[in-house]
A.B. asks: 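Okay, here's the structure, questions in a sec.
Predicted model only: the values in this text are computed from it and were never measured. Convention: sequence-line order gives letters A, B, ...; per-chain numbering from 1.
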2 protein chains.
Amino acid sequence: MTALENNSPYIAQPKILVATDCIVFGFDEGILKLLVFRRRIDPLKGEWSLIGSFVNEEESVPDAARRVLLQFTGLENIFLEELRVYSDVERDSGARCISIAQYALIRINDYDREQVELHGAKWFALEDIPQLVLDHNVMIADALDRLRQKTTHKPIGFELLPEKFTIPQLQSLYEAIHQTKLDDRNFRKKLLSFDLLIKLDEKDKSTSKKGAFLYRFDYGKYKKLEESGINFVL
Amino acid sequence: MTALENNSPYIAQPKILVATDCIVFGFDEGILKLLVFRRRIDPLKGEWSLIGSFVNEEESVPDAARRVLLQFTGLENIFLEELRVYSDVERDSGARCISIAQYALIRINDYDREQVELHGAKWFALEDIPQLVLDHNVMIADALDRLRQKTTHKPIGFELLPEKFTIPQLQSLYEAIHQTKLDDRNFRKKLLSFDLLIKLDEKDKSTSKKGAFLYRFDYGKYKKLEESGINFVL
DNA sequence: ACAAAAGTGTTCTATGTACACCCATGG
DNA sequence: CCATGGGTGTACATAGAACACTTTTGT
C-alpha cells in the first residue's frame, strides 16, 4: 500500500501508532500456559511483556500478529482471534499507541524451542504469570475470560491439543481452562453425542497401563454442521 | 497527549489512520432500524455510510465513537460496545485506514431529530439498508450477528426500549432481532423468572384497550447478580 | 495380585416446549 | 356487546446432574 498521496482527502487526518499484542495459550501436562518475553525496546526494556509488534502500513492486523507468531514460535496456521482494542490515551508511556490484542492457541509440542529462546520468550503457567508491562496483565485476564466463554460454545479447545488426543486429555484441558473438576462420564457422553470425534485404532499409553484411545476432531463435519446452525455447548 | 518526542524509541514506527464506525441500532414500532448518513468526504462523497470519524491523538476509540454519537444524535450515555477491527490493507480506497467498528443501542424516541437531519442521517429498517461505502455492509451484518448473540446472553435489549416498557413490547423486540415468533407464555415466564423487572402501577394503553403493565429493568440488581455469576439466557 | 487410569449406564431433577382459554376495556 | 390485545397454567419431552463399578495391563 502506498503512503498518503498529496491530494488524498485524508491528508489532514491524525495518524496513530497501532500495535498488536498476542496472548499465546498453550497446554502442557495438564497446565494452561502463556508465552511471554523480555521486552527489547525502551521504555521498560527488559521487563516481561506479551509478544507483539507495531502494525505496518502494508499488512492487516491479523497479518501482523501472524508475523509475530511465526517469528517467536516458528509456527504458521495457528488459531488466532481478535480479543479487543486497547486504546486508552495514557496506556503506553512511550507514546500514544493503540493496541489490538489477539489471542492464539497453539499445540505446545509443535513450537520451535530455538526460536522461542532466541527471542527471550518463556512459557509460564497461568498462576505464575509475572507482572507485565503496560496493560498486558489486563489483556491476559480478558483473554482468559474470552477463552472460557468461547470454549463452551465453540470446539476450539482442540487447537491446544495434538491432532491425536484422548478424551481424558481433552477433559483435563477443559478442567484447566475452567478451573473445575468435571464428571468423566457426563463429559464423555456429551462430547461424543456431537459425533464430531473420529476414534482411531491407536491408544496412548503414556498416562496409564490400560491406555486411552486416540481421537481426531472432524473439522470437515463440524464446518458443515456450523453452517446449518449447530449449537455446540460443553 | 503529546506527539512523539524526538527521542522516543517509537519514532521510527509506522503510524496509521485509525477510524471508528458506529452501527447504531434503534427499535421503532416493531421494526429494527439502523442510522446511516450521506458521507461528506471524498472518495465516495454523497454515498450512504455508517456514521464515524477518525480517531484523534487525544482520545480513546470509545471516546471517538461517543463524540460521533453525540454529534449525530445529541445523545450521551448510550450503550456502546466494540464489534471488531477491520484492517484489510485495501479496505479503503482513500488511504490505508484501519476502522474499529462499534455498535450502539439507542432509545429511538430520545434522539435529537434536528441533529440527525442536520447531518444528513436517516433511519432505515434493517431490510431496507442500501448499499453502503467500503465494507460497511459487512460491518452491519457482523453487528447483527453480535446483537443476536449478545441479546440471548445479556439483558441489553432494554437499551433499545424506553425506560418504562411492556412485556409485549420487549417480546416484539426480541422477535425483530431474532426474526422469529416467540410463544408469549413461555417468553413471559422465562423473563419474569429472573426477577429483574420491576412492575409499575402504570399501564401503557397505546396498543390495546386493556392496556399492558409497564416495567423497569432493575440495573442495580442485575449488576449484583452479574458479579456473582448469573447465567441469563433468553 | 494390585495399583492406576479408562471406560460404561441408570435414575432423578430441572428446564424448555407446546398448547388454549379467560380478562379487561374502548369503541 | 364485541373485537383486540393482555395475561395466565399444565402436561409432556428433553437435557443435565449425580452417582459406582468393571476393565485392562504394567510392574
A.B. asks: Hey, where on DNA chain C does chain B first and last touch, going 5' to 3'? Cut-off is any atom under 4.0 Å from a heavy atom.
C.D. replies: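 Boundary nucleotides touching chain B, in 5' to 3' order, are C:dG16 to C:dG26.
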
A.B. asks: With respect to B:Tyr111, which candidate in B:Phe72, B:Phe25, B:Trp123 satisfies the ring-ring contact (aromatic ring centres under 6.0 Å, His included) definition?
C.D. replies: B:Trp123

A.B. asks: Can you list the residues that meet the side chain to side chain contact (heavy atoms under 4.5 Å, CB included) rule with A:Asp128, with sequence neighbours excluded?
C.D. replies: A:Phe124, A:Ala125

A.B. asks: Kindly determine whether A:Glu81 and A:Lys150 satisfy salt bridge (Lys or Arg N to Asp or Glu O under 4.0 Å), including the steps that lead there.
C.D. replies: CA-CA 11 Å; A:Glu81 193 171 273; A:Lys150 202 83 184 180; 3.3 Å; yes

A.B. asks: Without hydrogens or angle criteria, can the side chains of B:Ser53 and B:Arg67 be said to hold a donor-acceptor pair below 3.5 Å?
C.D. replies: yes

A.B. asks: Can you give me the bend angle of the helix from C:dA1-D:dT27 to C:dG27-D:dC1? Use the axis through the first five pairs and the one through the last five, nearest 10 degrees.
C.D. replies: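 Comparing the first five pairs with the last five, the axes sit 0° apart.
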
A.B. asks: Rounded to the nearest angstrom, tell me the gap between atom CG in A:Asp204 and atom P in D:dT25.
C.D. replies: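 A:Asp204 atom CG is separated from D:dT25 atom P by 14 Å.
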
A.B. asks: Please encode protein proximity along nucleotides 4-15 of chain D as a string of B, S and -, counting only heavy-atom distances under 4.0 Å.
C.D. replies: -BBSBBB-----

A.B. asks: Do A:Thr180 and A:Glu175 have side-chain N/O donor and acceptor atoms under 3.5 Å apart?
C.D. replies: no

A.B. asks: Under a 4.0 Å N-O cut-off, is there an ion pair linking A:Lys154 with A:Glu226?
C.D. replies: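 Salt bridge: yes.
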
A.B. asks: Ring centres of A:Tyr219 and A:Phe217 under 6.0 Å apart?
C.D. replies: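 For A:Tyr219 and A:Phe217, the ring centres are under 6.0 Å apart.
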
A.B. asks: Hey, is the main chain of B:Leu132 close enough, under 3.5 Å, to the side chain of B:Asn137 for a donor-acceptor pair?
C.D. replies: yes

A.B. asks: Any salt bridge (Lys or Arg N to Asp or Glu O under 4.0 Å) involving residues 158-172 of chain A? Give me the pairs, sequence neighbours left out, ordered by first then second residue.
C.D. replies: A:Arg107-A:Glu159, A:Lys164-A:Glu202

A.B. asks: What pairs of residues pass the ring-ring contact (aromatic ring centres under 6.0 Å, His included) test when at least one of them lies in residues 180-202 of chain A, not counting sequence neighbours?
C.D. replies: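 Non-adjacent pairs meeting ring-ring contact (aromatic ring centres under 6.0 Å, His included): A:Tyr174-A:Phe187, A:Phe194-A:Phe232.
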
